[in-house]
Amino acid sequence: MFKDRQPKHLKSDLVYEIKCSCGRKYVGETCALKTPFDEHIKKEGSNMTEVGKHLHNNPSCKVTFEDCKVLTYESNQYRSKLNESLYIQQFDDGTLINDKLASVP
């Protein structure tokens, strides 16, 4: 018997990656993926994320929810932040959009 897969927008307690059409990436952690994604694609206002700022400053760039990839699941908040930091270090090849200091636990 197979269990139905939960849709990506309903998954929670995870570390994720967003890939921009230009090839740059963002790594983050969240309780629910759809909410921060909606925040990331805002290109105007005072509370733009690093992804939103990138999109605002690079109008030809695009991200879609399909560009999100779940890297790992972790319900413990400290370990989730730690995993996020480790993935940021692992993927830090000059293409990250992240503010690297903001994610260190």
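Numbers here are sequence positions counted from 1.
Rounded to the nearest 0.5 Å, atoms OG1 (Thr72) and CZ (Arg79) are 10.5 Å apart. In this structure, NZ on Lys69 lies 13.5 Å from CD1 on Ile18, to the nearest 0.5 angstrom. For the atom pair CG of Leu55 and SG of Cys22, the computed distance is 8.5 Å after rounding to the nearest 0.5 Å.
Considering every non-hydrogen atom in both Val27 and Phe91, the closest pair reads CG2-CD1, 3.6 Å. A pairwise comparison of heavy atoms in Leu96 and Arg24 identifies O-NH2, 2.7 Å as the closest pair. Asn98 approaches Tyr26 most closely through the heavy-atom pair OD1-CA, 3.3 Å. Residues Lys53 and Met48 come closest through the heavy atom pair CE-O, 3.5 Å. Closest approach of Ser21 to Cys61, counting heavy atoms only: OG-CA, 3.5 Å.
In the model, Asn83 has no side-chain atom that pairs as donor or acceptor with a side-chain atom of Ser80 under 3.5 Å.
At a threshold of 4.5 Å between non-hydrogen side-chain atoms, the residues Tyr87 and Glu17 do not count as touching. At a threshold of 4.5 Å between non-hydrogen side-chain atoms, the residues Thr30 and Leu14 count as touching.
Within a 6.0 Å radius of CG in Asn76, more than 12 heavy atoms belonging to other residues, nucleotides or ligands are found.
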Please step through side-chain contact (heavy atoms from CB on, under 4.5 Å) for the pair Lys25 and Thr95, ending with a clear verdict.
CA-CA 6 Å; Lys25 298 175 273 187; Thr95 63; 3.4 Å; yes

